[in-house]
**Q** 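Let me begin by handing over the structure; questions about it come next.
In what follows, every heavy atom counts, from backbone to side chain, and hydrogens, waters and symmetry copies are set aside. These numbers come from a predicted model, not from an experiment.
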Amino acid sequence: ALTALAGDETALPVLLRYLEEPDTSEVAAQALIDYGHGAMPAILEALGSAEEDEVVALLLRVVNAVGGREAVPRIIGFLTHDNPMIRRLAVETLGEVPDPASVEFLLARLDDPDVPSQQAAMNSLTALVKAHPQIKESVLASIRKLLQSRSIPVKLNSLSVYVSIQGEGYHDELLLASKDRDPVIRQKAVSLMGRFAEEQFGHHIVLSLADESTAVRLAGINAVVRLRPETGLDPLISDVVADLIVEMDEKLHTTTVTITHDMKVAFKIADRVAMLHRGKIIEEGTPEQFQRSPNPIVQQFIEGRAAGPL
């Protein structure tokens, strides 16, 4: 019955009243969405007087779906609401009702005490720039200032937004952040680098594997895997990993045991190479000796041939 009321102007007060009833609230919200933009004045008025958080949340969901810039001033008022769920919904709605006037308010929510609200602010800022390319430079200028903030959440989230909207010089910002004294900043930079299979990031990602912070090392591992998920390591990353293994062995006087199918890497880093086949070592020696092995299985593996005894 409530669905049938959608589109009838005299039904709006009824729908808004049923929005306050637990048994009919979801159906009433959908009916308001179906009603469309014509319901917006009544919805905004209801938002201004709603006292229950559940009703405010439903009305914000309706505004999110229906859209309309006239809603922005009313939505902005909920960005500082005590309930983090309401703040997050308000931030998300500003992303769906793209209005450049929202930018400064969204930037202020990058250090919201509620982490999901921070994420929503980042997503909404990215959506705004995508919808209004002409504001990109002004948004980037604001974000560059925030990158100098002493607030860790602001710095982290600003870096994410800067990269997401591909701000000029974002490579340099990531490289700089990867050397920050704070391991949280380094971790974020390495994670963001993992989105891009770019040569200039490869060396820094691999160096992060030797970072003093466990979190940064884990971010480096995830970044490496993400860059080349189907084979484990991109050729560039593999080569840098090999260099790092050799460097660390020399500096720390360690012995490293490496399991790999990449013969180029094996010959580059190893003093001795062994091949395990069906539970037994079938060849062992220096890289030079290994490459001269008369064993046809070894030679097939080295050459990567499909045809052979393997």
Side-chain angles (χ1 to χ4, degrees), residues 91 95 103 106-130 136-229 231-245 247-248 251:
V91 169
V103 170
L106 290 171
L107 288 171
R109 300 265 52 88
L110 291 178
D111 66 344
D112 192 285
D114 177 55
V115 173
S117 295
Q118 295 176 19
Q119 183 63 54
M122 290 187 281
N123 294 339
S124 292
L125 283 165
T126 303
L128 275 174
V129 172
K130 184 176 181 180
K136 180 175 179 178
E137 290 308 315
S138 63
V139 173
L140 288 174
S142 297
I143 293 175
R144 288 190 194 99
K145 294 178 182 178
L146 293 178
L147 286 171
Q148 309 307 315
S149 172
R150 293 184 178 182
S151 166
I152 295 300
V154 170
K155 197 169 183 177
L156 288 173
N157 296 330
S158 298
L159 186 63
S160 293
V161 175
Y162 201 89
V163 171
S164 294
I165 62 179
Q166 300 284 286
E168 182 179 353
Y170 77 91
H171 300 86
D172 295 334
E173 293 293 346
L174 279 180
L175 293 174
L176 184 64
S178 72
K179 302 172 185 176
D180 197 277
R181 290 190 302 175
D182 193 312
V184 177
I185 302 295
R186 296 200 305 274
Q187 177 190 7
K188 186 67 173 182
V190 172
S191 296
L192 290 171
M193 286 179 181
R195 295 184 185 179
F196 308 97
E198 297 187 17
E199 184 172 348
Q200 58 186 307
F201 290 148
H203 181 70
H204 292 274
I205 289 175
V206 175
L207 286 179
S208 71
L209 300 177
D211 195 279
E212 62 184 18
S213 165
T214 301
V216 177
R217 294 198 300 272
L218 182 58
I221 292 171
N222 290 334
V224 167
V225 173
R226 193 181 305 120
L227 282 174
R228 196 71 174 176
T231 59
L233 292 178
D234 169 273
L236 164 68
I237 300 293
S238 297
D239 196 52
V240 180
V241 168
D243 288 339
L244 181 62
I245 291 173
E247 179 183 344
M248 298 306 292
K251 286 184 177 180

**Q** Mind listing the closest non-hydrogen atom pair of V163 and R195 along with its distance?
**A** CG1-NH1, 4.4 Å
**Q** Quick check: do V190 and N222 have side-chain heavy atoms less than 4.5 Å from each other?
**A** no
**Q** Has S142 got a side-chain atom pairing as donor or acceptor with S138's backbone, closer than 3.5 angstrom?
**A**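 Checking the backbone N and O of S138 against the side chain of S142, a donor-acceptor pair under 3.5 Å is found.
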**Q** Minimum heavy-atom separation for S124 to V91, with atom names?
**A** OG-O, 2.7 Å
**Q** Please name the pair of heavy atoms, one in A219 and one in S191, separated by the smallest distance, quoted to 0.1 Å.
**A** CB-OG, 3.6 Å
**Q** Determine whether L174 and L159 make a side-chain contact, defined as any pair of heavy atoms from C-beta on separated by less than 4.5 Å.
**A**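 A side-chain contact exists here, since the closest heavy-atom pair is under 4.5 Å.
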**Q** Heavy atoms only: give me the nearest G220-S208 pair and the separation to one decimal.
**A** CA-OG, 3.3 Å
**Q** Which distance, rounded to the nearest 0.5 Å, do you find between the OG of S164 and the CG of L192?
**A**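 One gets 7.5 Å once the value is rounded to the nearest 0.5 Å.
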**Q** Take R186 and S213 through the side chain to side chain contact (heavy atoms under 4.5 Å, CB included) test and state the conclusion after the steps.
**A** CA-CA 9 Å; R186 296 200 305 274; S213 165; 4.0 Å; yes
**Q** Please report the C-alpha distance between D180 and K155 in whole Å, then the side-chain angles of each, then the deciding distance to 0.1 Å, and finally whether the side chain to side chain contact (heavy atoms under 4.5 Å, CB included) criterion is met.
**A** CA-CA 11 Å; D180 197 277; K155 197 169 183 177; 3.1 Å; yes
**Q** What's the verdict on side chain to side chain contact (heavy atoms under 4.5 Å, CB included) for R109 and S117, showing C-alpha distance, side-chain angles and the deciding distance?
**A** CA-CA 7 Å; R109 300 265 52 88; S117 295; 5.9 Å; no
**Q** Can you confirm whether I165 sits close enough to I143 that some side-chain heavy atom of one is under 4.5 Å from a side-chain heavy atom of the other?
**A**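 Counting from C-beta outward, I165 and I143 do come under 4.5 Å.
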**Q** If you measure from CG on L107 to CG on L146, what distance do you get to the nearest 0.5 Å?
**A** 5.5 Å
**Q** Roughly how far, to the nearest 0.5 Å, is the CG atom of L147 from the CG atom of L156?
**A**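 Answer rounded to 0.5 Å: 10.0 Å.
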**Q** Checking side chain to side chain contact (heavy atoms under 4.5 Å, CB included) for the pair V216/Q187: CA distance, chi angles, key distance, verdict?
**A** CA-CA 4 Å; V216 177; Q187 177 190 7; 4.1 Å; yes
**Q** At what distance, to the nearest 0.5 angstrom, does CD of Q119 lie from CG of N123?
**A**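 If I round to the nearest 0.5 Å, the distance is 4.5 Å.
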**Q** For residues L110 and S158, report the shortest heavy-atom separation together with the two atoms involved.
**A**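 Looks like CD1-OG, 3.8 Å.
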**Q** For the residue pair L209 and R217, what are the closest heavy atoms and their distance?
**A**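 Of all heavy-atom pairs spanning L209 and R217, the closest is O-CD, 3.1 Å.
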**Q** Would you say L175 and M193 make side-chain contact, with heavy atoms under 4.5 Å?
**A** yes
